[in-house]
Amino acid sequence: MPIVDLSFPIRSGMPVFPGDPEVRITEALSVAEDSVAVTALALGSHSGTHIDAPSHTVPGGATIDAFPLAELMGEAAHLRVARPADALLVTAAELAAPLPAKLPPLVVVTSGWDAHFGTERMLRHPVIAPALASELLARGMRVLIIDWLNPDPSEGDGGLPVHELVLGGGGAIVENLRGAHGLGDRFQLTLAPLPIAGADGAPVRAFAQLPDAP
């Protein structure tokens, strides 16, 4: 099966959520001087394409190393925002197709907003309506995956209602997916987070497996 990488590369100085640690990648050892190359990494747990574990917002919630790997791979349902716009509130009516009656645990919602990663529009991303998040959960979703910075507002004081619904129910949220908007309605998805002990989240390597062309 063809593999499509859906993660942003981790780079020094890459965009991060305001207030998060900056990403710094430096050479610690070199082949020329030390016979081996080793890179020093300094970054936050929510850098680039990453996953929020329940403990990100829920006191005592599961940390990323305790989150079941079985819930991070399998068939994903792909829902597209029909007409994305700055700070658009995404309800079911804003989706390009009706919601399926039953959803798999992995649900990808894309808007194409990953094109604005690192620009001044990054923070003016769409926002998932809490009612839509509740409906997705009721239809089977366990992991919400989006191609923008935050399912809740990143500007103003809108709180974290979608985080509270999804993480509060023991699920997870993946943010900053890249290049998924053109994929089909269903595809095989794997989310492979770093197993950082006790962490509230981690960068994730996300990739889709697509059917071979007929």
Side-chain angles (χ1 to χ4, degrees), residues 1 4 6-7 49-58 61-62 64 66-85 87-114 125-154 158-193 200-201 204 206-211:
M1 288 185 176
V4 180
L6 302 176
S7 302
T49 306
H50 66 274
I51 185 168
D52 297 351
S55 62
H56 182 45
T57 59
V58 179
I64 193 58
F67 197 84
L69 288 176
E71 295 190 21
L72 298 178
M73 60 183 71
E75 183 184 58
H78 182 196
L79 311 177
R80 298 173 188 81
V81 179
R83 291 174 294 277
L88 175 72
L89 183 66
V90 180
T91 65
E94 297 293 340
L95 299 177
L99 284 178
K102 183 170 177 55
L103 291 166
L106 299 172
V107 174
V108 178
V109 183
T110 66
S111 63
W113 217 258
D114 51 321
H125 55 74
V127 172
I128 299 289
L132 175 58
S134 293
E135 189 60 35
L136 296 177
L137 290 165
R139 297 186 188 208
M141 182 188 75
R142 287 281 296 159
V143 182
L144 171 64
I145 304 137
I146 57 174
D147 67 349
W148 65 88
L149 191 64
N150 184 357
D152 293 307
S154 292
L160 297 169
V162 175
H163 280 78
E164 291 172 4
L165 285 166
V166 179
L167 303 187
I173 297 173
V174 173
E175 298 161 339
N176 292 328
L177 204 68
R178 181 185 71 156
H181 196 57
L183 299 183
D185 294 339
R186 299 270 175 151
F187 54 86
Q188 294 296 312
L189 179 65
T190 298
L191 304 167
D200 48 81
V204 65
F207 56 92
Q209 296 171 271
L210 306 182

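All residue numbers refer to positions in the sequence shown, counting from 1.
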Handout entry: Of Ile146, Leu79, Leu95, Val127, the residue whose pairing with Val90 passes side chain to side chain contact (heavy atoms under 4.5 Å, CB included)
Key = Leu95
Handout entry: Minimum side-chain heavy-atom gap Val174-Val204 below 4.5 Å
Key = yes
Handout entry: Gap separating the CD1 atom of Ile145 from the CD1 atom of Ile173, nearest 0.5 angstrom
Key = 10.5 Å
Handout entry: 4.5 Å side-chain heavy-atom contact, Pro105 and Met141
Key = no
Problem - 4.5 Å side-chain heavy-atom contact, Val143 and Leu72 - result: yes
Practice task
Look up atom CH2 in Trp148 and atom OG in Ser111, then write down how far apart they are to the nearest 0.5 Å.
Solution key: 5.0 Å
Handout entry: Heavy-atom check, side chain of Leu191 versus side chain of Met73, under 4.5 Å
Key = no
Handout entry: Sub-4.5 Å side-chain heavy-atom contact between Val81 and Thr110
Key = no
Practice task
Flag the pair Leu149 / Glu175 as yes when at least one side-chain heavy-atom distance between them is below 4.5 Å, and no otherwise.
Solution key: no
Fill in the blank from the handout: His125 and Ser154 have their tightest heavy-atom pair at NE2-OG, 2.6 Å
Exercise for the section: Classify the ring geometry between His78 and His181 as parallel (under 30°), tilted (30 to 60°) or perpendicular (over 60°). Expected result: perpendicular
Exercise for the section: Examine distances only and state if a side-chain atom of Asp52 and a backbone atom of Gly201 form a donor-acceptor pair shorter than 3.5 Å. Expected result: no
Handout entry: Taking every non-hydrogen atom, the tightest pair across Trp113 and Ala85
Key = CH2-C, 3.7 Å
Problem - Minimum heavy-atom distance between Asp147 and Gly112, given as atom pair plus value - result: OD2-N, 2.8 Å
Handout entry: Check: Pro130 main-chain N/O paired with Ser134 side-chain donor or acceptor under 3.5 Å
Key = yes
Exercise for the section: Would you give the length of the straight line joining atom CD of Gln209 to atom CG of Leu189, rounded to the nearest 0.5 angstrom? Expected result: 9.0 Å
Practice task
Using modelled atom types only, decide if a donor and an acceptor are shared between the side chain of Ser7 and the backbone of Ala206 within a distance under 3.5 Å.
Solution key: yes
Fill in the blank from the handout: dist Leu210:CG -> Phe187:CZ (nearest 0.5 Å) comes out at 8.0 Å
Practice task
Check whether any side-chain heavy atom of Leu144 sits under 4.5 Å from a side-chain heavy atom of Leu137, and report yes or no.
Solution key: no
Handout entry: Straight-line distance of Thr57 OG1 to Leu160 CG, nearest 0.5 Å
Key = 7.0 Å
Handout entry: Shortest non-hydrogen separation from Pro104 to Ala76 and the atoms involved
Key = CG-C, 4.1 Å
Practice task
Please determine which of Arg142, Glu75, Arg139 meets the side chain to side chain contact (heavy atoms under 4.5 Å, CB included) test together with Leu103.
Solution key: Arg139
Practice task
Output yes when a side-chain donor or acceptor of Thr190 lies under 3.5 Å from a complementary backbone atom of Phe207, and no otherwise.
Solution key: no
Completion exercise
In this structure, CD1 of Ile64 is separated from CG of Asp200 (nearest 0.5 Å) by 9.0 Å
Practice task
Over all heavy atoms of both residues, which pair between Pro54 and Gly171 is shortest? Give the atoms and the distance, please.
Solution key: CG-O, 3.3 Å
